[in-house]
Amino acid sequence: MARKKIREYDSKRLLKEHFKRLSGYELPIKSAQVTDSSNFNELAEKESWLSSDKLVVKPDMLFGKRGKSGLVALNLDFAQVAAFVKERLGKEVEMGGCLGPITTFIIEPFIPHNEEFYLNIVSERLGCSISFSECGGIEIEENWDKVKTIFVPTGVSLTPELSAPLVAILPLEIKGEIEEFIKVVFTLFQDLDFTFLEMNPFTLVNGKPYPLDMRGELDDTAAFKNFKKWGDIEFPLPFGRVMSATESFIHGLDEKTSASLKFTVLNPKGRIWTMVAGGGASVIYADTVGDLGYASELGNYAEYSGAPNEEEVLQYARVVIDCATADPDGKRRALVIGGGIANFTDVAATFNGIIRALKEKESKLKAARISIYVRRGGPNYQKGLAKMRALGEEIGIPIEVYGPEATMTGICKQAIECITAAA
Amino acid sequence: MATGQLFSRTTQSLFYNYKQLPIQRMLDFDFLCGRETPSVAGIINPGAEGFQKLFFGQEEIAIPVHSAIEAACAAHPTADIFINFASFRSAAASSMAALKQPTIRVVAIIAEGVPESDTKQLIAYARANNKVVIGPATVGGIQAGAFKIGDTAGTIDNIVSCKLYRPGSVGFVSKSGGMSNELYNTIARVTDGIYEGIAIGGDVFPGSTLSDHVLRFNNIPQVKMIVVLGELGGRDEYSLVDALKQGKVNKPVVAWVSGTCARLFKSEVQFGHAGAKSGGEMESAQAKNQALKDAGAVVPTSFEALENSIKETFEKLVEEGKITPVKEVKPPQIPEDLNTAIKSGKVRAPTHIISTISDDRGEEPCYAGVPMSSIVEQGYGVGDVISLLWFKRSLPRYCTHFIEICVMLCADHGPCVSGAHNTIVTARAGKDLVSSLVSGLLTIGPRFGGAIDDAARYFKDAYDRGLSPYEFVENMKKKGIRVPGIGHRIKRGDNRDKRVELLQRFARTHFPSVKYMEYAVQVETYTLSKANNLVLNVDGAIGSLFLDLLAGSGMFTKQEIDEIVEIGYLNGLFVLARTIGLIGHTFDQKRLKQPLYRHPWEDVLYTK
């Protein structure tokens with residue numbers, strides 16, 4: 001759902017493939033991707049330039065400032081590239097406070113160059129902004145005053161009049177070429193449902209534009225229109241976000257259903273666990289635990305919405321409960337089954353799935369000394385709440401149950417009181 | 001945007017993509033508010049036309065259904081709200097078509113997952129043409145006591161407890177649809193209730209923004225205070241900050257931006273809403289709350305404290321005498337739907353149909369209790385399915401095999417028999433498959449194909465009464481009845497019907513007992529002594545052997561066997577089998593493009 005970053009390799013692949021379709025001219029882009037499943041010999045056979053050209057290699061992991069962090073190697077031959085990758089593949093690095101392994105590299109021909117241009121296109125509410133500078137590269141921020149920006153309102157095409165301010169001061173012999181390049185890239189941006197695209201820098205090779213570094217974001221809700229155009233596209237997780245087995249299981253469920261199922265572990269040793277209905281409410285429950293000063297005890301963020309069926313809720317609840325009850329340590333824990341007042345989701349039906357999971361996990365819940373706090377309203381909520389109350393008596397686990405008469409987040413406070421009460 | 005009220009007590013809408021429940025909820029709300037006209041004037045359901053029956057209070061009303069947006073707008077020129085329940089794939093195109101209609105002023109888009117570039121086209125068109133888009137990815141909105149979009153505000157119970165059937169003084173706008181309902185409840189607890197509430201949807205670029213609606217609320221005199229629930233991600237709240245700073249809003253604004261928890265996450269997190277993404281510092285909940293506070297909004301310290309901020313702000317307005325007390329009305333009782341009442345155990349209703357052979361209500365259909373997956377996985381055949389659906393039990397394999405042989409043997413008997421002939425004539429008259437088939441089937445009766453049942457009946461009766469073949473045949477002769485199952489047009493005593501031989505051989509090998517068949521053979525021996533063409537024919541063989549199957553399998557009581565013979569199950573076997581052949585004849589004639597059949601004069605004896 002929504003804007004997703006893609007790898008540099010994919011950005012360049014899309015640029016190369018579709019630039020040709022849209023302009024009739026092929027950009028001479030060459031790039032190869034290396035992951036832990038790559039075979040260097042096979043790669044060299046497929047991409048002959050790898051063995052003949054001098055190369056550049058860098059991580060392709062959705063983080064920037066690679067040059068400044070010493071993660072880019074220039075002017076290597078293929079054997080040196082292989083050695084460079086081997087040394088770093090799978091090794092953890094820290095970028096902007098996030099720690100994570102490097103799993104993907106991009107290899108490209110080494111292109112000695114003088115000019116470094118900057119191009120950036122961002123989708124905004126009323127159109128797109130296009131920024132350009134003839135002083136691109138790693139010093140772009142120092143040269144920010146040289147960046148020129150235009151705004152192209154939705155539905156308006158990029159005319160020479162509109163783009164004139166971007167290229168006004170360029171020397172005549174390159175002006176036309178760059179202006180045309182920006183125009184085609186902007187068409188491609190719209191045609192492929194990009195929401196963000198940046199080349200920093202691109203240069204000129206034999207007078208033709210050539211992107212050296214590129215970042216892109218696609219609107220993944222447009223996937224249904226772009227299946228063919230995007231080809232085999234990957235939406236990697238943000239750098240440093242490694243999914244645990246449980247998280248990827250829920251992620252898999254989420255991808256298969258029309259409902260929304262989200263699950264992120266914040267602290268596996270946390271003592272407050274949540275399972276909240278609704279995109280808006282789930283955030284507020286997490287906020288509230290934090291506001292009350294117990295952010296450090298919050299085990300997870302979890303949201304289900306869009307009327308998942310009983311089976312989906314069951315599978316989902318199992319995972320949340322498994323995480324909440326892992327490694328009992330004798331101390332009390334709390335599970336918050338929260339939610340606002342639903343508009344149309346049948347509360348009794350979704351609770352059926354949760355109740356089945358709670359019954360299955362009775363002994364685990366007891367071993368982890370879990371108390372359960374429920375708050376929910378909406379269609380059929382009386383029946384859902386009554387079933388929850390009955391469950392408490394049936395399996396002998398403390399369950400406090402509230403409806404719309406109580407405030408939505410009141411149970412957060414109770415959960416905190418529960419875990420802080422003298423054991 | 002800006003300007004004021006979007007809805008009134010007479011506002012009518014067009015509803016795109018028929019969904020029974022949200023429309024009924026809108027009509028129930030109308031009734032609760034004492035509206036005179038239903039808020040849904042017409043329904044657009046691509047590819048369908050006519051009427052949909054729905055309840056307006058106690059009465060049923062018929063709402064016109066149109067297949068195209070243009071036609072619906074032409075038919076209902078006063079309906080100016082377009083409620084779009086299309087899927088995310090088609091929502092953008094249908095919304096654009098609606099915006100282009102001169103009669104449509106407001107389009108609400110429910111679907112989640114509309115591509116950003118499509119929404120931007122809608123935003124641009126709406127701005128240029130002074131129209132309003134609510135959503136996508138929203139539940140909609142409500143003007144208390146006047147008009148409600150789709151599922152907004154949930155159940156009738158909730159609408160009543162939040163007093164949404166009559167206007168209060170609070171304008172509310174949020175991103176989240178679920179939280180809007182929660183806040184209607186909160187606001188009703190501490191103020192005189194909602195005047196209007198809008199959920200703009202969780203997308204990155206909603207069709208209309210928080211500030212768009214706040215500025216609009218500011219122009220509505222009945223709205224005395226405004227409550228805003230924002231969310232981390234995006235910069236929309238800053239346009240509200242600007243509006244506040246520029247003094248464009250002169251009513252008290254209570255605001256809270258949720259998502260303060262985003263700081264707990266180490267890497268970038270996509271929350272439930274598409275627009276709720278922990279981006280830069282500017283887009284954080286903390287920064288937005290601070291900016292709103294600095295701009296003069298009442299911003300609590302937490303979501304928990306929001307209720308109290310709303311309460312204090314409202315009480316201050318009351319003290320200042322700015323709130324006109326709301327006249328309380330008692331909303332009418334909405335009659336409960338039969339389904340809901342039955343579900344809750346309050347009423348019971350008799351059923352009108354009873355069925356015992358199959359059930360399609362569970363995960364997969366069941367035939368006589370056997371789920372479809374077992375039927376396929378255990379390699380059941382057509383005979384097994386017939387045994388489940390006709391006899392409501394799983395018969396042994398030799399029985400179902402026998403049934404299959406009968407079906408195969410009776411599937412066709414050439415183009416000249418009367419059933420096939422009728423089918424051929426009908427097919428050549430250009431009629432469809434079903435017409436051609438049934439014109440052949442309708443020929444089946446006592447003279448054509450219907451002899452199996454009668455053969456079984458008479459053989460069973462004679463055998464059970466212990467009549468000798470001589471007594472049986474002579475009794476029939478006296479009554480003037482030809483013995484069914486005996487006699488053939490071509491076959492003779494020295495040239496038996498191959499099909500009969502096959503059936504007999506199968507039965508002798510597999511059936512535990514073939515007493516009825518042996519009896520039929522004795523009858524045949526006697527009739528052959530009378531005439532050489534009085535052989536046991538295929539009807540007689542099937543009829544008698546079926547009696548052996550029923551009696552010999554040990555799976556039927558005597559009473560059940562009598563009933564099966566009485567009802568005429570065996571004729572069913574012939575109808576089923578021959579259907580295969582008749583369909584074949586229909587296809588054959590169509591494939592051969594045969595012209596209309598006309599019987600030749602030469603073949604008719606014209607006489608007086």
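By convention in this document, chain letters (A, B, ...) are assigned in the order of the sequence lines, proteins followed by strands, and residues within each chain are numbered from 1. Nothing here was measured: the structure is a model prediction, and the numbers come from that model.
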Check: Pick from B:A124, B:G178, B:A285, B:G259: which one has the most heavy-atom pairs with chain A under 4.5 Å?
Finding: B:G259
Next item on the list: Examine distances only and state if a side-chain atom of A:D219 and a backbone atom of B:P115 form a donor-acceptor pair shorter than 3.5 Å.
Entry: no
Next item on the list: Give, as side chain, backbone, both or neither, the part of A:A286 having an atom under 4.5 angstrom from any heavy atom of chain B.
Entry: both
Check: Salt bridge or not for B:K120 and A:E124, using N-O below 4.0 Å?
Finding: no
Item checked: Considering all heavy atoms, the nearest A:K225-B:S117 contact -> NZ-OG, 3.9 Å
Note to self: Tell me which pairs pass side-chain hydrogen bond (donor to acceptor under 3.5 Å, both in side chains) where either residue lies in residues 123-142 of chain B, with sequence neighbours left out.
What the structure shows: none
Next item on the list: Measure the CG-CH2 distance between A:D287 and B:W256 for me, rounded to the nearest 0.5 Å.
Entry: 6.5 Å
Next item on the list: Measure the spacing between CG of A:L298 and SG of B:C261 and express it to the nearest 0.5 Å.
Entry: 8.0 Å
Check: When heavy-atom pairs shorter than 4.5 Å are enumerated against chain B, which of A:L237, A:D193, A:T288, A:L292 gives the highest number?
Finding: A:D193
Notebook entry, point to check: Between B:E182 and A:R375, does at least one N-O distance fall below 4.0 Å, as a salt bridge requires?
Noted result: yes
Item checked: Options B:G207, B:A128, B:A305, ranked by heavy-atom pairs under 4.5 Å with chain A, top entry -> B:G207
Check: Between B:N181 and A:I341, which heavy-atom pair has the shortest distance, and what is it?
Finding: ND2-O, 2.9 Å
Checklist line | Neighbourhood of chain A inside residues 155-164 of chain B, taking heavy atoms under 4.5 Å as contact | finding: B:T155, B:D157, B:N158
Note to self: Whether the side chain of A:N343 engages the backbone of B:A153 through a donor-acceptor N/O pair (distance < 3.5 Å, no angle test) should be reported.
What the structure shows: yes
Item checked: Greatest number of heavy atom pairs closer than 4.5 Å to chain A - which of B:T186, B:T209, B:T301 -> B:T209
Notebook entry, point to check: Roughly how far, to the nearest 0.5 Å, is the OG atom of B:S258 from the OH atom of A:Y285?
Noted result: 13.0 Å
Item checked: Structural part of A:Q190 lying under 4.5 Å from a heavy atom of chain B -> neither
Margin query: Need one label for A:F224: side chain, backbone, both or neither, based on atoms under 4.5 Å from any heavy atom in chain B.
Written below: side chain
Note to self: Working to the nearest 0.5 angstrom, can you tell me the gap between B:E112 CD and A:S305 OG?
What the structure shows: 6.5 Å
Next item on the list: For atom NZ of A:K229, decide whether the heavy atoms of other residues, nucleotides or ligands shown that lie under 6.0 angstrom number more than 12.
Entry: yes
Next item on the list: First locate atom CD of B:E116, then atom CZ of A:F194, and finally report the distance between them rounded to the nearest 0.5 Å.
Entry: 13.0 Å
Margin query: For A:A348, which atoms come within 4.5 Å of any heavy atom of chain B: side chain, backbone, both, or neither?
Written below: neither
Notebook entry, point to check: How about B:E363: does its CD atom have over 12 heavy atoms from other parts shown lying under 6.0 Å from it?
Noted result: no
Checklist line | B:I123 and A:T154, any side-chain heavy atoms less than 4.5 Å apart | finding: no
Check: Roughly how far apart are B:D203 CG and A:T221 OG1, rounded to 0.5 Å?
Finding: 7.0 Å
Next item on the list: Among B:D118, B:L183, B:T119, single out the residue with the greatest number of heavy-atom pairs under 4.5 Å to chain A.
Entry: B:D118
Notebook entry, point to check: More than 12 non-hydrogen atoms from neighbouring residues, nucleotides or ligands closer than 6.0 Å to NZ on A:K413, yes or no?
Noted result: no
Checklist line | Residues A:R125, B:D236: salt bridge by 4.0 Å N-O rule | finding: no
Notebook entry, point to check: Heavy-atom distance under 4.5 Å to chain A: side chain of B:P22, backbone, both or neither?
Noted result: neither
Notebook entry, point to check: For A:P404, does its backbone N or O pair with a side-chain atom of B:N185 as donor and acceptor, under 3.5 Å?
Noted result: yes
Next item on the list: Check step by step if side-chain hydrogen bond (donor to acceptor under 3.5 Å, both in side chains) holds for B:E304 and A:T409.
Entry: CA-CA 7 Å; B:E304 285 265 276; A:T409 45; 2.3 Å; yes
Notebook entry, point to check: Taking all atoms of both residues into account, what is the closest heavy-atom pair of B:R25 and A:P379, and its distance?
Noted result: NH2-CG, 4.1 Å
Item checked: Region of B:T152 in contact with chain A, defined by heavy-atom distances below 4.5 Å -> backbone
Notebook entry, point to check: If you draw a 6.0 Å radius around CD in A:E141, do more than 12 non-hydrogen atoms from other residues or ligands fall strictly inside?
Noted result: no
Notebook entry, point to check: Any idea which heavy atoms bring A:D291 and B:F303 closest together, and the distance?
Noted result: OD2-N, 4.1 Å
